[in-house]
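What follows is one structure encoded as structure tokens, with my remarks underneath.
For ligands, and for the atoms within them, numbers begin at 1 and follow the listed sequence.
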Amino acid sequence: MRDARATPLLAARDVQKSYGATHVLRGVDFTLRAGEIHALLGGNGAGKSTLIRILTGKIPRDAGEITTASHRRPGTDPVIAVVHQELALLPNLTVAENIGIVHGRRVFGLHSPARQAQIAFDALRVLDADLATRALHLPASGLSLHEAQIVEIARALSIGAEVLLLDEPTANLTAQETALFFGVLRKLVADQGIAIVFVSHRMKEIRQLCDRCTILRDGRSVVEDRSLSDLSDAEIVAQMGQSDRREPVAATRAQMSDQRDVVLAGPDGAEIALAAGTILGLAGAPTGPMALITALTGGARHPQWRITAEGMPSSFSSPGTAVKHGIGYISGDRAGKGVLADLPILDNVMAARRIRQGRHVIHAKELVDCAALVGSLKLKAASLHDLPRTLSGGNQQKLLVARWLGLPLRVLVLEEPTRGVDIGTKRDIYGLIRQMAATGAIVIWWSTENAELLELCDRIFAFDTQGRPAGDLSADRFTEEGIAERTGMAA
Ligand SMILES: Nc1ncnc2c1ncn2[C@@H]1O[C@H](COP(=O)(O)OP(=O)(O)OP(=O)(O)O)[C@@H](O)[C@H]1O
């Protein structure tokens with residue numbers, strides 16, 4: 001239970017931060033108490049990650065007060081740990097080593113594998129007893145994302161963390177993993193009285209998990225430390241300065257057709273025949289959709305799926321070949337599969353156009369074209385000549401969408417394209433994807449958000465828990481339960 005008299009673990013007052021001429025935080029107030037799960041909300045570029053970096057001491061603030069008070073060890077600062085979407089485990093070390101490594105000289109018998117294993121086991125057991133028994137001596141590279149996140153949290157707890165900052169931790173998880181993860185977090189807060197800051201753009205998850213919220217808008221806290229139950233979804237969205245307008249889906253859903261413009265043949269005799277303009281959703285455990293996506297985008301050495309379409313080879317030898325044949329690809333794994341980190345925003349946006357036109361040199365008109373693409377997505381960038389890392393996460397995702405906008409595509413492959421994107425932009429991206437489908441592009445869309453698939457797709461093809469094709473969802477089972485049934489994964 002929340003105790004109003006308790007000293008906050010963390011309190012920030014009027015925090016400010018600029019990068020050159022860009023005033024990123026203009027006055028943020030933030031209060032966090034033990035035993036609460038606090039949602040930190042705001043549109044893309046509002047300043048959430050910057051605030052988190054300041055709270056953890058990763059970057060200095062320009063002005064403002066931050067006070068901290070440990071409840072476990074009065075008179076000291078609480079240990080604050082961050083768990084990012086991009087995980088920080090060392091892949092070649094075992095789980096025990098990954099947890100043990102942060103203990104350094106604190107532990108008597110440094111480097112003793114038995115001692116390390118004991119610390120790791122004790123920390124992990126609290127969160128997931130099965131994982132503690134099963135995975136202690138396995139390399140971290142073999143863990144699922146959900147398991148890796150649990151290991152990161154165990155590591156934080158093993159050094160006595162009282163505050164956990166979770167920056168979009170569910171962005172890479174399936175619905176089932178998210179449910180497990182939330183169970184772990186609730187238990188932690190209830191049993192150990194730690195506090196959690198949760199950053200997410202998914203309203204449903206925020207409501208499921210969080211008690212209180214702070215909303216940032218253009219670098220200011222416009223709502224500070226309010227109970228979530230006092231605010232409606234519409235009020236939250238309005239405070240973020242966004243609109244959550246929905247277009248009637250039935251009216252825009254494409255007319256189904258029997259045409260076989262592109263036919264995909266996969267394992268176990270699976271066949272997916274697609275008419276131009278179809279939006280096909282892929283649902284189920286990641287391995288199944290990923291095998292199809294890598295085959296279509298030229299990323300598979302031994303593709304499990306073959307393509308039959310006029311003027312196209314049955315497989316692509318490289319991603320560049322796929323682009324030349326009119327295949328577009330937007331991945332939510334922006335760091336790994338999209339953003340060219342060492343090239344400016346301009347080159348990032350124009351990359352697909354240059355490949356299509358067989359050009360490698362900059363074209364004078366590109367700057368104007370790039371500015372128009374960036375503007376149409378309301379992508380916040382100080383200059384097109386800056387590197388992508390100066391953009392917030394959601395704005396980097398918009399950059400990947402801008403890359404394909406307006407290009408004549410035969411197939412647009414989407415792998416969680418709205419990952420990290422705020423509610424208003426999500427709606428904009430949905431609209432753009434519908435427009436692309438209306439011009440005849442086939443859209444193949446993998447999402448772990450079933451609601452997103454049900455809202456936007458004409459058809460949904462399911463994969464089972466082993467990644468094997470399990471067929472199309474029939475019209476009468478076009479529901480969350482229908483997807484759960486076909487994929488074998490709880491909704
Ligand atoms: N190193 C930097 N140099 C210049 N500008 C930066 C830098 N880091 C962040 N910014 C700017 O600060 C603003 C806030 O970014 P921040 O990452 O804190 O936003 P956010 O609320 O976390 O957004 P998102 O929801 O998209 O992750 C953005 O407009 C971004 O372009």
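Ion pairing between a basic and an acidic side chain is recognised when a charged N comes within 4.0 Å of a carboxylate O; Glu452 and Arg419 show no such pairing. By the 4.0 Å N-to-carboxylate-O rule, Glu449 lies close enough to Lys426 to be salt-bridged with it. In summary, Arg207 and Asp233 engage in a salt bridge, as defined by a charged side-chain N under 4.0 Å from a carboxylate O.
Here the heavy atom of the protein found nearest to atom 1 (N) of ligand 1 is Tyr19 CE2, 3.6 Å. When only non-hydrogen protein atoms are considered, atom 27 (O) of ligand 1 lies nearest to Gly393 N, 3.5 Å. Of the protein's heavy atoms, Lys48 NZ, 2.7 Å lies nearest to atom 25 (O) of ligand 1. Nearest protein heavy-atom contact of atom 13 (C) of ligand 1 is Val24 CG1, 3.5 Å. Scanning the protein for heavy atoms near atom 30 (C) of ligand 1, the closest one is Thr390 O, 3.3 Å.
Using a 4.0 Å cutoff on heavy atoms, Gly47 counts as a contact of ligand 1. Taking a 4.0 Å cut-off on heavy atoms, Gln397 fails to register as neighbouring ligand 1.
The Asn44 neighbourhood of ligand 1 comprises atoms 23 (O), 24 (P), 25 (O), 26 (O), with distances under 4.0 Å to a heavy atom of that residue. Remark: ligand 1 atoms within the under-4.0 Å shell around heavy atoms of His201 are 25 (O). If you number the atoms of ligand 1 from 1 as listed, the ones under 4.0 Å from a heavy atom of Thr50 come out as 14 (C), 15 (O), 16 (P), 18 (O). Within the listing of ligand 1, atoms 24 (P), 26 (O), 27 (O) sit less than 4.0 angstrom from a heavy atom of Gly394.
Within the 3.5 Å criterion, the main-chain N or O of Leu280 finds no donor-acceptor partner in the side chain of Thr278. Under the 3.5 Å distance criterion, the side-chain polar atoms of Arg403 are matched with a main-chain donor or acceptor of Gly338. Between the side chain of Asp62 and the backbone N or O of Ser18 there is at least one donor-acceptor pair closer than 3.5 Å.
Residue Arg389 does not touch ligand 1, judged by heavy-atom distances below 4.0 Å.
Partner of Lys378 under the side-chain hydrogen bond (donor to acceptor under 3.5 Å, both in side chains) criterion, chosen from Asn44, Asp428, Thr425, Asn395: Asp428. Applying side-chain contact (heavy atoms from CB on, under 4.5 Å) to Leu216 and the options Val223, Thr50, Leu40 leaves one that passes, Leu40.
Looking at ligand 1, you won't find any N or O of Lys380 less than 3.5 Å from one of its N or O atoms. Considering backbone and side-chain atoms together, Ser392 places an N or O closer than 3.5 Å to an N or O of ligand 1. Considering backbone and side-chain atoms alike, Thr22 places every N or O at 3.5 Å or more from each N or O of ligand 1. Annotation: Ala46 places an N or O atom under 3.5 Å from an N or O atom of ligand 1; distance criterion only.
Gln397 and Thr418 share no donor-acceptor pair across their side chains, judged by distance under 3.5 Å alone.
Applying the ring-ring contact (aromatic ring centres under 6.0 Å, His included) test to residues at least two apart or on different chains, the pairs with a partner in residues 143-189 are Phe182-Phe198.
Contacts of Glu415 classified as salt bridge (charged side-chain N to carboxylate O under 4.0 Å, His left out), with partners at least two apart in sequence or in another chain: Lys337.
The closest heavy-atom contact to atom 23 (O) of ligand 1, among the options Gly45, Gly43, Ser383, Gly420, comes from Gly45.
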